[in-house]
Amino acid sequence: MAIFSVVVAVVASALCPGLKACGLRGRPACGLHWQSQTQEPSAYPGIVESTEEYKFVERLIPPAGILEPPRHQSYPTPSSWQPPKDPPPLLPYFIRRSRMHNVPVYTELTHGNRQMTVIPNVERDIWALQKDVEEFLTPLTPVTQVNEVTGTLCIKGYFDQQLKAWLLEKGF
Amino acid sequence: MTYFQAPQEVALSLGVGTGAALLLIWAALGAWEPGQGLTPARRALSTLTGEDLTRLEHVLTTGPPSPTGVPLLHHCDLPVPMPRTPVQAWVESLWGYEETLLGLADLHPNMFAVPPRLDILHEVAIWQKNLKRISYAKAKIRAEVRGGGKKPWKQKDSGQARHGSIHSPIWRGGGIAHGPRGPTSYYYMLPMKIQVLGLRVTLTVKLMQDDLHVVDSLELPTSDPRYLLDLVRHQCGGDSVLLVDVDEEMPQNIVSVVSDLKTINLGPAVGLNVHSMLKHQTLVLTLNTVAFLEKKLLWHDKCYTAIYPFRLPYSDFP
């Protein structure tokens with residue numbers, strides 16, 4: 001009882017005299033102010049706009065364009081990448097690198113058992129490339145299909161590793 | 001030495017067996033027209049096929065023109081990948097009848113000398129035609145035809161076939177079972193790279209068939225429509241001309257002349273599309289347009305697949 005009366009006295013003294021403390025949440029009733037607020041005006045800093053921290057956002061935005069690969073001391077690089085030879089080989093065909101600067105030899109698998117190796121990006125004489133590929137894979141005599149309109153050569157079977165090495169050796 | 005060297009002339013020889021195929025291709029691309037000497041089309045063919053056409057006497061009537069003394073007014077800003085060389089076109093002028101040829105312009109082979117993919121051209125042209133198509137045809141089904149809610153006669157013992165409604169599809173005047181249903185949109189988007197390839201193929205085809213003219217600027221001496229018509233008949237020799245400039249602000253003379261004429265049209269480079277280029281027989285580009293197109297179209301060779309649309313910011317684009 002004594003404690004309760006002390007608390008009530010404290011609360012009453014904190015409020016301005018006369019009215020009960022039945023105001024809104026966090027604030028007393030109409031027209032009243034907490035004594036602490038009336039005594040010391042608080043140093044509220046306001047809102048500060050700063051664009052200096054935007055650099056942390058900017059460095060996360062990815063680029064849209066593919067960069068040229070940097071110059072290395074020796075080739076092949078540790079990830080077995082090699083640039084194409086400069087000047088390009090004097091052959092009747094030319095095989096352009098993909099946009100990621102890789103040799104364009106890809107494997108395809110359809111119907112679960114139809115294995116194919118595809119060489120796109122062939123320019124100029126694709127029939128000479130077909131002859132050379134058939135000579136290179138001679139003991140196996142693979143079936144090849146030439147698409148002149150799109151410049152692609154399809155070979156039945158998986159020969160991607162051999163063909164990649166062979167094209168790199170030629171300098172494409 | 002850089003990874004990609006500056007454009008150089010590389011003469012390579014092809015096997016004899018492909019000569020016949022080449023002749024057919026040249027005939028299809030119109031290389032047998034009476035063009036004197038090495039026209040830009042034949043020059044471009046030589047880079048595409050890799051053969052030095054000056055060695056083939058049966059194609060040429062006179063020798064190739066000498067390049068000395070002819071100024072090069074436009075060179076390729078982006079590097080030309082090694083075995084290809086730039087194709088060239090004459091830069092002309094619309095100013096007068098006398099000063100027609102001002103110099104040569106180097107055109108990037110990845111834009112003006114790509115393999116002629118007619119299937120892609122067809123795809124892009126049909127896409128352009130159909131993407132805006134909305135068919136408003138609508139046929140009423142049996143539920144929408146007015147009336148016909150009541151069973152016309154009782155199920156049994158009337159001697160007639162059993163029916164539930166007088167507007168079923170088998171009745172005359174009934175609803176249509178599988179007709180067109182409401183406004184249908186035929187909108188679809190081709191991949192961006194296919195659209196770009198369509199533009200490149202069209203530019204190539206226009207150049208190879210001698211329908212492309214490069215002009216230094218679209219300034220005319222008069223605002224008389226007959227002057228431009230005469231000039232077009234004299235130089236281009238086509239029925240319809242599409243003039244393309246980069247900015248939307250074009251010289252006043254050409255704007256007033258073109259607004260009077262029906263077969264000659266003017267447009268900004270951002271509005272260049274396959275259908276317009278094929279509809280007009282002749283295409284006239286300014287040097288600024290060529291530079292703009294090179295910058296915009298060749299960017300697609302060196303970009304990653306978009307992980308979010310390109311209209312949102314990337315660090316190096318635009």
Side-chain angles (χ1 to χ4, degrees), chain A residues 54-72 75 77 81-102 104 120-132 135 146-153 167 170-172, chain B residues 1-5 8-19 21-22 24-25 45-51 78-79 81-84 109-110 113-121 192-193 197 201 298-318:
Chain A
Y54 189 66
K55 61 178 190 282
F56 297 108
V57 173
E58 269 179 340
R59 68 186 190 182
L60 292 171
I61 300 173
I66 301 172
L67 298 169
E68 292 292 327
R71 302 211 143 268
H72 295 84
Y75 295 110
T77 57
W81 181 81
Q82 248 178 2
K85 267 200 209 140
D86 204 9
L90 292 175
L91 288 164
Y93 46 86
F94 182 74
I95 296 166
R96 188 160 300 288
R97 291 270 179 124
S98 68
R99 62 178 65 213
M100 298 300 218
H101 310 287
N102 294 323
N121 299 352
V122 181
E123 293 172 6
R124 300 210 300 271
D125 192 6
I126 197 168
W127 297 101
L129 174 68
Q130 187 206 24
K131 200 164 73 101
D132 284 352
E135 270 173 33
V146 159
N147 187 341
E148 274 186 86
V149 172
T150 53
T152 46
L153 181 72
L167 288 173
K170 280 192 180 288
F172 289 116
Chain B
M1 280 213 292
T2 54
Y3 184 50
F4 288 139
Q5 280 189 358
Q8 287 174 3
E9 290 284 325
V10 179
L12 293 168
S13 58
L14 278 175
V16 175
T18 57
L22 279 176
L24 284 171
I25 295 168
L45 272 170
S46 72
T47 63
L48 189 66
T49 59
E51 187 168 16
L78 282 91
M82 251 321 282
R84 309 294 303 279
N110 282 355
V114 298
R117 291 290 304 270
L118 298 178
D119 56 327
I120 298 234
L121 203 60
M192 205 193 300
K193 290 177 195 161
L197 186 55
V201 169
L298 294 174
W299 177 83
H300 291 276
D301 279 343
K302 295 252 170 236
C303 70
Y304 289 110
T305 309
I307 49 177
Y308 47 82
F310 285 118
R311 57 185 162 80
L312 297 174
Y314 281 83
S315 63
D316 58 353
F317 179 77

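Residue numbering restarts at 1 for every chain, and letters A, B, ... go by the order of the sequence lines.
- B/Pro83 has its side chain within reach of A/Arg96: a pair of non-hydrogen atoms, C-beta onward, lies under 4.5 Å apart.
- Side-chain contact check for B/Met82 versus A/Pro84: every heavy-atom pair is 4.5 Å or farther apart.
- At least one side-chain heavy atom of A/Arg99 sits less than 4.5 Å from a side-chain heavy atom of B/Cys303.
- In this structure, the side chains of B/Tyr304 and A/Met100 come closer than 4.5 Å at one or more pairs of heavy atoms.
- Residues A/Pro63 and B/Tyr314 are not in side-chain contact: their nearest non-hydrogen atoms beyond the backbone lie 4.5 Å or more apart.
- Each of B/Ala306, B/Ser315, B/Pro313 has some count of heavy-atom pairs under 4.5 Å with chain A, and the biggest count is that of B/Ser315.
- Within the 4.5 angstrom heavy-atom criterion, no atom of B/Ile120 approaches chain A.
- Only the side chain of B/Phe317 comes within contact range of chain A, with at least one heavy atom under 4.5 Å from a heavy atom of that chain.
- The choice from A/Ile66, A/Val149, A/Thr150 that makes the most heavy-atom pairs within less than 4.5 Å of chain B is A/Ile66.
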